[in-house]
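Letters go in sequence order (proteins before strands), and every chain restarts at 1. The figures that follow rest on heavy atoms only: side chains count, while hydrogens, waters and symmetry mates do not.
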Amino acid sequence: MPELRLTNTFSGEREVFVPIDPERITLYVCGPTVYNLAHIGNARPVVVFDTLYRVLDALYPKVIYARNITDIDDKIIAAAHERGQAIDAVSAEFTDKYREDVAALNTLVPSLEPHATDNIPAMIDLTQRLIDAGNAYISEGHVLFSVASMPSYGALSGRHLDDMLAGARVEVATYKRQAGDFVLWKPSEDDAPGWDSPWGRGRPGWHAECSAMIRAHLGDTIDIHGGGRDLIFPHHENERAQSCCAYGGDFVHYWLHNAYVDMDGEKMSKSLGNVRTIRDLLSNYQGEVLRFALLSAHYRSPLSFSQAVLDNAKGALDGFYGALRNVQDIQAQPVDISHSAAFNALLDDLNTPEAIAALHAASKALNKAAPQDRPRLKGILLANAEILGVLQCDPEEWFTSGRDSGLDAAAVEALINDRLEARANRDFDRADQIRDELVTAGIVLEDGSEGTTWRRR
RNA sequence: GGCUCGGUGGCAGAGUGGUCAUGCAGCGGAUUGCAAAUCCGUCAACGCCGGUUCGAUUCCGACCCGAGCCUCCA
C-alpha cells in the first residue's frame, strides 16, 4: 500500500498516516454554524477535506467522514431575533443552502452529518463526566471546564497556560476561576432555546458538540480531525481537553488545518465589505471553477482569492475540457485512480498544485496523442481528474451551457451554418462579420478539421 | 507582549543541497482564408547578511518585511 503523509498540527511535522483500524477510517471535519450563507473561505476546508476523503477512499475499504451541522449557537439565536423567525427556521434554511452550495463545488456527501440539537444528551453526558472527574465545576448556573485541571492543556496550539493568563486581554467573566476556563453548559433565558439538564434549563457551550458527537458517532479516538487554522485555538484545543479528560485516550491522531482565503491580500471581513459568498460567486462562475481555484494552492498556504485566480482556473478547465471534447467519441480506457500521478501527488500531504501539474501533463499528452493512444490517454486524464473532483461533466455541456448571453444554442447553430455557407462561397467578409457578432455575445468559434465548434466564454 | 506561519521569475504557485516544477502573461515558429484551439521553441526567480559545505533557493543563525491566532470566525 502506498504511503499517505500528512502534516499533523499536533507535532508540527509531516507524518506517515497509520490508521487506527485500516478497515474503518474515521475523519471528522468541523462544519458550518447555520446562521448565514457560507463564503468562499468556508468553502476551502470543505473542498480540501473532500479531496482528502477521496484519497482515503481510494486507499481504504471503508472511510467514515463526518461533518457536523451546528444548529444551536448564540449567533443563530441572534439571527433569528433579527429576522423575526424561529430558530429552527433559520437553521433549516441555511442548512439547506449550505448543502446546495457545497454540492455545487463537486463535493461528495459525507457519511454522516450530525446535528448538534440531535445530540444534546451526549453533551450532557460529556459535561457530567467532566464534573465527576474533577475537570469541571459549576458556577453561577454555568458548568465550566477548568483548564488548570489538565496538565497537557495547550499542547495542540503550542500555548502555555501561564502565557495565556498573562496575555489575557478580555475581562474575565465573574463565574470563571481562571481566564482560560470555558463553558460546557450555560443557562438559557426563558426566550432562548434550552434543554433540561442536571444544572437546569440551558444549552451547550460551543466546543461540547464536536467532542460529544465524535464519541457518539465515530468512537473515543479518531484518525483525522480537520478544520480551518483559526479553529486550532480555542476550539480544537478545548475539544481535545474535553474528550481526553472525559473519555481517556488521545482523541485524535492527526490534526489537519487549512490556511485562510484572503481577498486580494486582505482578510475577508464584514467591515472591509469583501466577503464573497459561494452563492454569489456561483452566479458568475461554475462551481467547478471555484473548486479548482481553491485547490490551486496548497491547503496549508494562504490562498489569495481574486478575479485573476478565478479566471486562471476557468482557463485551465477550459483547456482540459477542450482536450476531452476532441476525443468525446472515443471510449476511455479505464484507469485505476491509484495509478494516477495526481493521486501520488496528493499522497504527499495533499499536494494539489502538483496534482494539477499532472493534469496539465495528462492533457497535453492527450492533445498530441496518435489515434491509437487516445483511449488510454483519455483514461489517464480522467483518472487524474477524478481524484481531484474535477472534469466530471460532459465537455459539450461545459462549453455550451454557461451563462446565456442573449443567444441560445439553436441561434448560435443557425449563425454557424450561415457562416459555413459564406465560407463555402469564399465570402470571408460575411463569415468574419458573423463571427464578430458571436464574439460580442460571448461566443467563440473554432474551425476544426471536423467542422466548427463553439463555446461560451 | 506570547505563540505560529510565510517571503520563489510580470502574475499565480510547487519543490529541491549540485541539469526541468506547472499554469497564465510575453516573445518566436508550425497550423489557419483570417482567427480560435492545439503543438514546438524561448525569456525569466528563489527578501537581506553571515555560517556550514567542494557546492545553498534548499540546512543553521541574525536581520528586515508580511500574515494569522491569543476574543466569535474556515
Side chain of [X], backbone of [Y]: donor and acceptor closer than 3.5 Å?
| X | Y | answer |
| --- | --- | --- |
| K314(A) | V289(A) | no |
| N8(A) | W255(A) | yes |
| D348(A) | N351(A) | no |
| R67(A) | C30(A) | no |

If the [atom1] atom of [N] is compared with that of [M], how far apart are they to the nearest Å?
| N | M | atom1 | value |
| --- | --- | --- | --- |
| A36(B) | U42(B) | P | 22 Å |
| C63(B) | G1(B) | P | 13 Å |
| C43(B) | G26(B) | C1' | 8 Å |
| U16(B) | U32(B) | P | 44 Å |
| C60(B) | G17(B) | C1' | 13 Å |
| U52(B) | A67(B) | P | 35 Å |
| U19(B) | U58(B) | P | 14 Å |
| G66(B) | G47(B) | C1' | 11 Å |

Any idea which of [options] is nearest the [X] side chain?
| X | options | answer |
| --- | --- | --- |
| H39(A) | C69(B), A74(B), G23(B) | A74(B) |
| A297(A) | U22(B), A14(B), A74(B) | A14(B) |
| L303(A) | G13(B), U38(B), G33(B) | G13(B) |
| K368(A) | C69(B), C40(B), A21(B) | C40(B) |
| K364(A) | G23(B), C34(B), A36(B) | G23(B) |
| R435(A) | C34(B), U22(B), G2(B) | C34(B) |
| A357(A) | G33(B), G15(B), A21(B) | A21(B) |
| E446(A) | C70(B), A37(B), G33(B) | A37(B) |
| N351(A) | G15(B), C70(B), A36(B) | G15(B) |
| E354(A) | A74(B), A14(B), G33(B) | A14(B) |

Distance check needed: [N] [atom2] versus [X] [atom1], whole Å only.
| X | N | atom1 | atom2 | answer |
| --- | --- | --- | --- | --- |
| H298(A) | G7(B) | NE2 | C1' | 17 Å |
| R159(A) | C5(B) | CZ | P | 12 Å |
| I416(A) | A35(B) | CD1 | P | 20 Å |
| I232(A) | A74(B) | CD1 | C1' | 11 Å |
| D262(A) | G6(B) | CG | C1' | 12 Å |
| F320(A) | U38(B) | CZ | C1' | 14 Å |
| L294(A) | G13(B) | CG | P | 12 Å |
| I434(A) | G33(B) | CD1 | P | 17 Å |

Ignoring hydrogens and angles, state whether a donor on the side chain of E239(A) or S211(A) is under 3.5 Å from an acceptor on the partner side chain.
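Per modelled atom types, E239(A) and S211(A) side chains form no pair under 3.5 Å.
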Does [X] reach a base, just sugar-phosphate, or nothing at all? Heavy atoms under 4.0 Å.
| X | value |
| --- | --- |
| G322(A) | nothing |
| R325(A) | nothing |
| G41(A) | base |
| V46(A) | nothing |
| R44(A) | nothing |
| D318(A) | nothing |
| D432(A) | base |
| H257(A) | nothing |
| S301(A) | sugar-phosphate |
| L231(A) | sugar-phosphate |

Salt bridge (Lys or Arg N to Asp or Glu O under 4.0 Å), that's the test. Do K186(A) and D74(A) meet it? Break it down for me.
CA-CA 11 Å; K186(A) 62 179 154 191; D74(A) 289 359; 3.0 Å; yes
Quick one: is the NZ or CZ of R159(A) closer than 6.0 Å to the six-membered ring centre of F233(A), and within 45° of its axis?
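R159(A) over F233(A) ring: yes.
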I'd like to know if D447(A) reaches the base of C34(B) with its side chain, counting only an N/O donor and acceptor under 3.5 Å.
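Side chain to base: pair found, below 3.5 Å.
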Base of G13(B), side chain of R300(A) - is there a donor-acceptor contact under 3.5 Å?
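Per atom types, no contact qualifies.
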Give none if [N] has no partner; otherwise give the nucleotide forming a Watson-Crick or G-U wobble pair with it, both distances under 3.5 Å.
| N | value |
| --- | --- |
| C63(B) | G47(B) |
| G1(B) | C70(B) |
| C39(B) | G29(B) |
| C34(B) | none |
| U22(B) | A12(B) |

If you assign each of R419(A) and V444(A) to its closest nucleotide in RNA chain B, which residue comes earlier from the 5' end?
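Between the two, 5'-proximity favours R419(A).
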5' priority, RNA chain B, between G12(A) and N312(A) [closest heavy atom]
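With N312(A) and G12(A) compared, the 5'-side residue is G12(A).
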Side-chain N,O (Y260(A)) to OP1/OP2 (C69(B)) below 4.0 Å:
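For C69(B), OP1 or OP2 has a side-chain N or O of Y260(A) closer than 4.0 Å.
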Name the one of T117(A), I77(A), D73(A) that satisfies side-chain contact (heavy atoms from CB on, under 4.5 Å) with I87(A)?
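Of the listed options, the one satisfying the test is I77(A).
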Mind telling me whether H236(A) and H257(A) have parallel, tilted or perpendicular rings, with 30° and 60° as the class edges?
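Tilted, since the angle between the ring planes falls between 30° and 60°.
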